[in-house]
Protein chains: 2
Amino acid sequence: MAKQAGTSGAGTTEALPPAPWQRTPQRAARRRRDPITQEAIVETALRILDSEGLEGLSMRRVAEELDTGAASLYWHIGSKDGLLDLLFDHVIGEQQIPDPDPPRWQEQLKEVARLQRATILRHRDIVAVSLGRIPMGPNALRYSERVLAILRAGGVPDDLAVSGYLLLIAVVNGFTLDETADEQPGGDAGGPSKDAARDYIASLPQAQFPNLIAVAGEFSAVDRDERFELLLDLFVGGLARRVATDEYRSRGRSK
Amino acid sequence: MAKQAGTSGAGTTEALPPAPWQRTPQRAARRRRDPITQEAIVETALRILDSEGLEGLSMRRVAEELDTGAASLYWHIGSKDGLLDLLFDHVIGEQQIPDPDPPRWQEQLKEVARLQRATILRHRDIVAVSLGRIPMGPNALRYSERVLAILRAGGVPDDLAVSGYLLLIAVVNGFTLDETADEQPGGDAGGPSKDAARDYIASLPQAQFPNLIAVAGEFSAVDRDERFELLLDLFVGGLARRVATDEYRSRGRSK
DNA sequence: ACCTGAACACCGTTCAAGT
DNA sequence: ACCTGAACACCGTTCAAGT
């Protein structure tokens with residue numbers, strides 16, 4: 001709580017070399033280096049998001065990590081909301097979408113979905129950041145381009161390609177949103193909530209909740225990876241069948 | 001910005017009857033009545049959520065609407081987070097799930113999804129509230145019970161019923177989450193972002209974004225209701241086919 | 001061109017004190 | 001049992017001022 005000299009202080013110690021007996025706090029080597037680029041701000045923000053969650057991500061916290069005051073950030077980014085825009089696009093850029101391999105478009109689409117899920121699980125609170133944001137940054141555009149390439153190369157007609165693309169990312173978002181709600185606490189070992197929920201359901205009045213009680217065991221029986229694959233099967237399978245149906249219909253009509 | 005006398009004031013006007021020439025601000029009649037029940041707090045919070053969004057929903061704002069200070073709320077609710085729990089469950093309670101009609105289970109499941117979407121669109125920011133929350137309140141349990149009843153009465157085996165139920169609400173959440181991102185501004189007439197996005201995409205370098213540009217028109221062509229119905233078809237259709245497959249497989253194995 | 005300290009108008013929450 | 005004012009430790013953002 002007390003101010004540590006030379007850590008977040010006023011800069012009066014700048015000219016002094018570090019006294020050799022002071023235990024240097026690990027990253028002290030950076031010390032007033034790299035002149036606060038926009039990129040450095042985004043990377044710092046992402047690190048804080050991962051380690052402390054969206055709650056812990058404040059301008060003051062980012063600034064502290066960069067050895068400055070919060071006000072200094074506003075020359076590089078317009079606002080916290082603007083920073084979150086950059087953060088969102090940065091994370092989208094982490095996904096490496098493969099080149100189209102037409103006969104494998106269904107499997108490739110599933111790969112895209114698995115990649116999205118993995119990215120969200122790696123940066124759990126990013127889905128909260130994405131909430132009110134339309135993905136329109138440079139990385140988001142490249143991402144869209146490459147996913148659409150897979151669908152169109154696979155022979156999916158344009159209207160279904162767009163709807164399928166938009167629905168897929170929305171659906172994966174929904175799944176992981178639900179999934180990340182389960183274990184909020186940062187370093188909590190084991191999950192009390194999953195089994196606790198099952199026990200709680202089992203203790204409910206039988207007369208009022210016959211169905212819920214009957215299936216209580218199933219809530220924790222299927223694991224999440226399996227459930228995710230089921231979702232992909234339902235969705236991508238349905239999309240493929242739709243493509244086939246439309247092809248059949250338009251062939252029948254034109255010939 | 002200036003304080004209006006007698007509207008959010010300190011309560012010194014309590015004994016005075018309302019002067020007949022003052023235009024009474026519609027609900028001024030309440031005036032220091034009902035002794036701040038938990039329910040009143042929740043309802044006030046929901047009204048603020050709807051009119052001003054989650055951003056505008058602060059303890060102080062809720063208290064103001066109830067003619068008190070923020071501190072007074074803490075005797076009735078544990079914390080703001082606790083209030084959001086109550087708010088979430090309250091909104092879930094708005095959904096009226098029909099009694100099972102076994103042969104119509106697929107259509108009924110779609111109805112459940114449409115109801116969920118309508119509820120979210122009626123309280124747009126509720127999806128942000130639901131973010132880290134596991135639906136375990138009394139209304140959520142009743143809701144789960146009734147949806148599961150529809151699935152099981154329809155002959156869906158327990159494991160698929162649970163997965164199907166969980167996936168459906170997640171998927172609808174994802175869809176509406178995406179949908180509500182488009183027009184954030186409160187009373188904005190017309191949507192600039194939809195067409196603006198299309199125009200922006202059209203202005204991109206052809207060489208880098210051939211697919212995105214080719215389908216630019218499709219982004220705004222299909223309307224949201226239609227896209228939502230497509231999602232329901234893909235999902236519920238897929239689930240039904242899965243049920244049939246499993247039935248066939250288990251019959252084949254046992255006989 | 002880039003950074004800073006101090007201030008403004010907010011937050012959620014606590015706590016001693018009132019009735 | 002219920003409510004209150006004042007305070008605490010935070011926010012995002014602005015702005016005059018420094019180099």
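Here is the naming used below: chain letters follow the sequence lines, and residue numbers restart at 1 for every chain.
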Salt bridge present between [X] and [Y] (N-O < 4.0 angstrom):
{"X": "Arg142(A)", "Y": "Asp89(A)", "result": "no"}
{"X": "Arg114(A)", "Y": "Asp225(A)", "result": "no"}
{"X": "Glu65(A)", "Y": "Arg61(A)", "result": "yes"}

Take atom [atom1] of [X] and atom [atom2] of [N], then tell me their distance rounded to the nearest Å.
{"X": "Asp81(B)", "N": "dG12(C)", "atom1": "CG", "atom2": "P", "result": "12 Å"}
{"X": "Met59(B)", "N": "dA7(D)", "atom1": "CE", "atom2": "C1'", "result": "19 Å"}
{"X": "Gln38(B)", "N": "dA1(D)", "atom1": "CD", "atom2": "C1'", "result": "16 Å"}
{"X": "Ile77(B)", "N": "dC2(D)", "atom1": "CD1", "atom2": "P", "result": "15 Å"}
{"X": "Leu83(A)", "N": "dT13(D)", "atom1": "CG", "atom2": "P", "result": "10 Å"}
{"X": "Leu57(A)", "N": "dC11(D)", "atom1": "CG", "atom2": "P", "result": "10 Å"}
{"X": "Arg61(B)", "N": "dC11(D)", "atom1": "CZ", "atom2": "P", "result": "24 Å"}
{"X": "Ile41(A)", "N": "dC3(C)", "atom1": "CD1", "atom2": "C1'", "result": "12 Å"}

Nearest listed nucleotide, side chain of [X], among [options]:
{"X": "Trp75(A)", "options": "dG12(C), dC3(C), dT14(D)", "value": "dC3(C)"}
{"X": "Lys80(B)", "options": "dT13(C), dT14(C), dT13(D)", "value": "dT13(C)"}
{"X": "Ile36(A)", "options": "dA6(C), dA6(D), dC3(C)", "value": "dC3(C)"}
{"X": "Ser58(A)", "options": "dT13(D), dC11(C), dC11(D)", "value": "dC11(D)"}
{"X": "Ser79(B)", "options": "dT13(C), dA6(C), dG5(D)", "value": "dT13(C)"}
{"X": "Ser72(A)", "options": "dG12(C), dG12(D), dC3(C)", "value": "dC3(C)"}
{"X": "Arg60(B)", "options": "dG12(D), dT13(C), dG5(C)", "value": "dT13(C)"}

Test side chain to side chain donor-acceptor pair (under 3.5 Å) on Arg227(A) and Ser163(B) and set out the steps.
-> CA-CA 7 Å; Arg227(A) 195 118 70 198; Ser163(B) 285; 3.2 Å; yes

At under 4.0 Å, does any side-chain N or O of His76(A) touch on OP1 or OP2 of dC3(C)?
->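 For His76(A), the contact criterion (side-chain N or O under 4.0 Å from OP1 or OP2 of dC3(C)) is met.
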
Thr68(B) side-chain N/O to dC3(D) phosphate OP1/OP2 under 4.0 Å |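 Answer no for this pair, as no side-chain N or O of Thr68(B) is under 4.0 Å from OP1 or OP2.
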
Between Ala71(A) and Gly56(A), which has a closest nucleotide on DNA chain D that is more 5'?
->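 Between the two, 5'-proximity favours Gly56(A).
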
Is dA6(D) paired to anything, Watson-Crick or G-U wobble with both distances less than 3.5 Å, and if yes, which nucleotide?
-> dT14(C)

Plane angle bin for Tyr165(B) and Phe219(A) - parallel if under 30°, tilted between 30 and 60°, otherwise perpendicular | perpendicular

